[in-house]
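Starting from 1, each residue takes its place in the sequence as its number. Every value quoted in this text rests on a predicted model; they were computed, and no experiment measured them.
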Amino acid sequence: MSIPTLDITRFDTDRAAFVADLGAAYREWGFCGIRGHGIAQAQIDRAYDVFQRFFALPEEVKKQYHVPGSGGARGYTPFGIETAKGAKHFDLKEFWHVGREIARDSKYADVMPANLWPSEIAEFREVAYGLYTTLDQLGSRVLSALALHIDLPADWFADKTNSGNSILRPIHYPPITADDIPNVRAGAHEDINLITLLVGASAAGLEVLSRKGEWVAFTADADTIVVNIGDMLQRLTNHVYPSTTHRVVNPPGEAARKPRYSTPFFLHPNPDFMIATLPQCISAENPNRYPQPISSHEYLMERLREIKLV
């Protein structure tokens, strides 16, 4: 068994069959590779160049963009902070967060702060927010197909995610210089959001826990974006779409001495969206696991506390 990769151009040319295939992939794995997405490799390469240049800056420069107490909502989160839920050791990574640009008089302004931009790299804002916008649009197409698979209208998510507190997270996993460290690059975890789109991870390491309890490596081809279900969508769909445990393992031997970069986009609902189990996903065989709704912002804050970001 392997995690499928599907061509999303079929959503326009062979919609019913594509929706069936995509739904089946997510019900089984919670993960799927998406190709035919139309995001130019040149855009991805330029983004990675900009992100790598930022992470190469001196520590004292990067830490000027860290906002203590913010949960890392925007700007820089240093090495040694994020810790997978239940893990003893922090993840071996540092990262930057780009959020949605909204009017500062928006009703969401109090929970969606303004972005920070590093002045040391002039094109960071243009390049990072360009990738943010592109992945947001692709995520909306994937959600449309998932909605159809569970008998919702194709545009069901549109007005529930149009001001979503989504995050683009460029990540740097530094070289590992010791053989006996207990930490891993990213401990086993599930994502918090609706769906995650992972673009252009620069090295192997991602592993997905199968239903049989086996870790399955998933290194996508260069033209493929990995898209997985997060806990908010699992909860909304009463586990019809499972949020699958995954991790980033330390590579063996000399490969560990090389840095790894990846850029996930965490697609979130609007902060006031109420995560209430969809009636379409409740049955005698699958009774409602979550009779008490919760807002997406409340849920996010609960989870950020668990992973030691707030």
Side-chain angles (χ1 to χ4, degrees), residues 33 37 39-67 72-82 90-99 101 115-136 138 166-178 181 183-187 191 196-207 218-227 246-266 309:
H37 45 73
I39 302 175
Q41 189 61 43
Q43 181 182 8
I44 296 170
D45 291 345
R46 188 178 181 213
Y48 270 87
D49 174 65
V50 165
F51 300 152
Q52 289 179 33
R53 283 159 51 203
F54 170 77
F55 289 121
L57 292 171
E59 287 297 306
E60 61 270 19
V61 173
K62 292 184 288 189
K63 285 185 176 179
Q64 293 175 18
Y65 299 102
H66 176 53
V67 184
R74 302 292 183 267
Y76 176 65
T77 295
F79 188 76
I81 292 182
E82 184 168 356
F90 59 77
D91 291 346
L92 300 177
K93 66 188 179 192
E94 58 180 342
F95 53 88
W96 183 278
H97 273 179
V98 177
E101 298 270 71
N115 278 308
L116 299 176
W117 304 108
S119 59
E120 293 77 10
I121 301 172
E123 65 271 43
F124 192 103
R125 178 175 187 164
E126 174 199 349
V127 170
Y129 205 70
L131 186 60
Y132 182 108
T133 302
T134 302
L135 291 170
D136 196 29
L138 176 61
S166 302
I167 292 290
L168 183 75
R169 176 191 274 192
I171 305 172
H172 171 221
Y173 304 95
I176 298 168
T177 55
I181 59 169
N183 314 61
V184 294
R185 283 182 159 170
D191 292 345
T196 300
L197 296 88
L198 177 64
V199 57
S202 66
L206 175 64
E207 294 185 348
F218 190 28
T219 304
D221 294 335
D223 65 346
T224 300
I225 290 176
V226 178
V227 184
H246 54 286
R247 65 187 183 184
V248 180
V249 297
N250 302 343
E254 281 307 303
R257 309 298 190 248
K258 298 177 181 177
R260 182 181 191 270
Y261 299 91
S262 70
T263 305
F265 176 77
F266 301 114
L309 280 181

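For Glu94, the side-chain hydrogen bond (donor to acceptor under 3.5 Å, both in side chains) test picks out Lys62, Tyr76, His172, with sequence neighbours left out. Under the rule for a ring pair (Phe, Tyr, Trp, His ring centres under 6.0 Å), His37 has no partner lying at least two apart in sequence or in another chain. With sequence neighbours left out, Ser119 forms a side chain to side chain contact (heavy atoms under 4.5 Å, CB included) with Tyr65. Listed by chain and residue number, nothing satisfies the side-chain hydrogen bond (donor to acceptor under 3.5 Å, both in side chains) test with Thr224 (two or more places apart in sequence, or in another chain). For the side chain to side chain contact (heavy atoms under 4.5 Å, CB included) test, residues two or more places apart in sequence or in another chain that qualify with Glu101 are Asn115, Trp117, Arg125, Tyr129. Residues satisfying the ring pair (Phe, Tyr, Trp, His ring centres under 6.0 Å) criterion with Phe266, sequence neighbours excluded, are absent altogether.
Taking each heavy atom of Ser262 and Leu198 in turn, the nearest pair found is CB-CD1, 3.9 Å. Taking both residues in full, the closest heavy atoms of Phe265 and Leu135 are given as CB-CD1, 3.7 Å, listed atom of the first, atom of the second, then distance. The two residues His66 and Pro78 have their closest heavy-atom pair at ND1-CD, 3.4 Å. Across Thr77 and Gly72, no two heavy atoms sit closer than the pair OG1-CA, 3.6 Å. Here the closest heavy-atom approach between residue Val248 and residue Tyr173 is recorded as CG2-OH, 3.9 Å. The nearest pair of heavy atoms linking Pro264 to Thr196 is CB-CG2, 3.9 Å.
Looking at heavy atoms from C-beta onward, Phe55 lies in side-chain contact with Pro170 at the 4.5 angstrom threshold. Using a 4.5 Å heavy-atom cutoff, the side chains of Arg260 and Lys93 are not in contact. At least one side-chain heavy atom of Leu138 sits under 4.5 Å from a side-chain heavy atom of Ile225.
For the atom pair CG of Leu168 and CG of Leu131, the computed distance is 5.0 Å after rounding to the nearest 0.5 Å. Once rounded to the nearest 0.5 Å, the distance linking CD of Gln41 with CZ of Arg46 reads 14.5 Å. Glu123 contributes atom CD, which lies 7.5 Å from atom CG of Asp49 (distance to the nearest 0.5 angstrom). For the atom pair CD1 (Ile121) and CD (Gln52), the distance works out to 10.5 Å, reported to the nearest 0.5 Å. Separation of atoms NE2 (His246) and CZ (Phe218) is listed at 12.0 Å; rounding is to 0.5 Å.
Panel note: side chain Tyr48, backbone Thr263; a donor-acceptor pair is recorded below 3.5 Å.
For the residue pair His97 / Arg169, a side-chain donor-acceptor distance below 3.5 Å is found, with atom types taken as modelled.
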*Would you check, one step at a time, whether the test side-chain contact (heavy atoms from CB on, under 4.5 Å) holds for Val98 with Ile167?*
CA-CA 6 Å; Val98 177; Ile167 292 290; over 6 Å; no
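Partner Phe51 forms a ring pair (Phe, Tyr, Trp, His ring centres under 6.0 Å) with one of Phe124, Phe95, Trp96 and no other, that one being Phe124.
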